[in-house]
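All figures in this text were calculated on a predicted structure; none of them were measured in a lab. Throughout, protein chains are lettered first and strands after them, A, B, ... in sequence-line order, and every chain is numbered starting at 1.
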2 protein chains.
Amino acid sequence: MAAQRRNTRQRKMILEAVRDSRSHPTADEVYLMVRKRDRKISRGTVYRNLNLLVEDGVIQIIKTSGGNRFDGCTLPHAHLTCTSCGAVTDVGVAPDTSIDEFVEGRTGYAGISHYTIFEGLCRACQLDEEPPQDQPRQTPKRRDM
Amino acid sequence: MAAQRRNTRQRKMILEAVRDSRSHPTADEVYLMVRKRDRKISRGTVYRNLNLLVEDGVIQIIKTSGGNRFDGCTLPHAHLTCTSCGAVTDVGVAPDTSIDEFVEGRTGYAGISHYTIFEGLCRACQLDEEPPQDQPRQTPKRRDM
DNA sequence: ATTTTTGCAAATCATTTGCATCAGC
DNA sequence: GCTGATGCAAATGATTTGCAAAAAT
């Protein structure tokens, strides 16, 4: 049988931290937030619980180029990440689920879902990167070929 | 000024390996392939060159849940990964670039592009996972909220 | 001749894990 | 009291990096 979850003090704090955060925090950011409330909590506990919460569908993980982040909102929606600072924001574009069945039929894969990630330079980073003119902080996307 | 690239024996081999492979190999798989031709090549060289090739737009990197993979085809196209074995295949769905401008206008981000990753269980893994009935090899997607 | 690149090994970074103890239920 | 969870520290895995020697232009 599947293991039964216990409502530990730590797990509650971790879930709250993810839900209260508008910023799609990384695991380490969650650790830092929770550590303000509990000086003794360990990174291992944070990682373990984030994984369990994702597994249970309570939160979702977002795998961006800049690393993994967590989102307290499990409703399907796209994300936009800044290629320079790594910030992640929500995009109000409803995912087209009909395409999943199409791909399912085409490929023979089962239980298909999909996610979309937008990448670009956020306003703050646009300003930062103009003046020096030297090397861009991160690789600009190529579009040739 | 940007560094000028040199056409080293190693770089050529690495590019060939990625292009010849239909399987969207990981960095380590590329290393193993290339090592068959050059027993002395190092992982560092493979990683460095893969990064340079991506930077120059010669190949593309695909960040899947199962790890980073490389694709010799830089034409925009979606990918489908198996949530169990991690295999990556191409999906013949043309990305809708008009949506990028829309998001650009909505968010103020610059130079937006996007990519879509489909996830599901490949045919081989479907067969593997039926019989035992115990625990699935990897977390099945939850869809409730 | 100059400057990039290589091979190697050590370093880094994020994440996972073993284990004895602790705490939900 | 049983079993899952915690904290700690060590382990892992993927990727990056410093450096002297080698190769490309």
Side-chain angles (χ1 to χ4, degrees), chain A residues 1-18 24-56 58-59 61-70 81 86 88 135 137-139, chain B residues 1-18 24-56 58-59 61-70 81 86 88 135 137-139:
Chain A
M1 67 302 297
Q4 37 285 314
R5 301 275 126 86
R6 286 177 186 181
N7 236 55
T8 57
R9 189 174 50 81
Q10 290 87 335
R11 184 166 304 153
K12 281 183 234 161
M13 290 171 58
I14 290 164
L15 176 54
E16 267 179 53
V18 174
H24 307 84
T26 62
D28 212 71
E29 284 166 353
V30 173
Y31 166 68
L32 262 52
M33 299 169 83
V34 173
R35 217 172 70 97
K36 287 181 189 159
R37 288 222 260 151
D38 176 357
R39 190 62 42 172
K40 295 276 167 309
I41 202 167
S42 75
R43 274 197 178 74
T45 297
V46 172
Y47 275 96
R48 260 184 297 235
N49 276 296
L50 286 172
N51 287 343
L52 293 176
L53 290 168
V54 168
E55 198 174 308
D56 291 348
V58 178
I59 64 177
I61 185 169
I62 315 165
K63 317 226 174 196
T64 76
S65 310
N68 295 337
R69 286 160 171 276
F70 297 88
T81 90
V88 174
Q135 57 254 31
R137 197 159 302 178
Q138 194 153 331
T139 316
Chain B
M1 67 299 296
Q4 37 285 315
R5 300 276 126 86
R6 286 178 185 182
N7 236 52
T8 57
R9 192 175 48 81
Q10 290 88 335
R11 185 165 304 152
K12 281 184 234 161
M13 291 171 58
I14 290 165
L15 176 54
E16 267 180 51
V18 173
H24 306 84
T26 62
D28 212 71
E29 284 165 355
V30 173
Y31 165 68
L32 262 56
M33 298 169 83
V34 173
R35 217 173 71 98
K36 286 180 189 157
R37 288 221 261 153
D38 176 357
R39 190 63 41 175
K40 294 277 166 308
I41 201 167
S42 75
R43 275 197 176 76
T45 297
V46 173
Y47 276 96
R48 259 183 299 233
N49 277 297
L50 286 172
N51 287 343
L52 293 177
L53 290 167
V54 169
E55 197 175 308
D56 292 347
V58 178
I59 65 176
I61 185 168
I62 315 164
K63 318 224 172 197
T64 76
S65 310
N68 295 337
R69 287 159 169 277
F70 297 88
T81 91
V88 173
Q135 57 254 33
R137 197 158 303 178
Q138 195 153 331
T139 316

Restricting both atoms to N or O, compile the protein contacts to nucleotides 18-20 of chain C shorter than 3.5 Å, with distance only.
unit_1 : atom_1 : unit_2  : atom_2 : d
C/dG18 : O6     : A/Arg48 : NH1    : 3.3

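- Distances were taken from every side-chain heavy atom of A/Arg6 (C-beta onward) to each of D/dT6, C/dT3, D/dA5; the shortest belongs to D/dA5.
- Checking side-chain atoms of B/Arg11 against main-chain N and O of B/Arg6 turns up a donor-acceptor pair under 3.5 Å.
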Checking B/Thr81 against B/Arg69 for the side-chain contact (heavy atoms from CB on, under 4.5 Å) test, could you report, in this order, the C-alpha distance in whole Å, the side-chain angles of both residues, the deciding distance, and whether it holds? CA-CA 11 Å; B/Thr81 91; B/Arg69 287 159 169 277; over 6 Å; no
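- In the set D/dA5, D/dT15, C/dC8, D/dT15 carries the atom at the smallest distance from any side-chain atom of B/Ala27.
- Looking at heavy-atom distances under 4.0 Å, A/Asn51 makes contact with sugar-phosphate atoms alone, never a base.
- Side-chain atoms of B/Tyr47 lie closest to D/dA14 of the nucleotides D/dA14, C/dC8, C/dT3.
- Distances were taken from every side-chain heavy atom of B/Lys40 (C-beta onward) to each of C/dC8, D/dG7, C/dC25; the shortest belongs to C/dC8.
- Residue A/Arg43 places no side-chain atom within donor-acceptor reach of the base of C/dT15, judged by atom type and a 3.5 Å distance cut-off alone.
- Side chain of B/Gln10, nearest nucleotide from C/dT5, C/dG7, C/dT16: C/dG7.
- Across all strands, B/Asn7 comes closer than 4.0 Å only to sugar-phosphate atoms, never to a base (heavy-atom distances).
- Taking side-chain N and O atoms only, B/Asn68 has a distance below 4.0 Å to OP1 or OP2 of D/dT15.
- Listed pair B/Gln4 / C/dT3 fails the phosphate criterion, with no side-chain N or O lying under 4.0 Å from OP1 or OP2.
- For B/Thr8, whose side chain is taken as the heavy atoms from C-beta onward, the closest listed nucleotide among C/dT5, D/dT6, C/dG7 is C/dT5.
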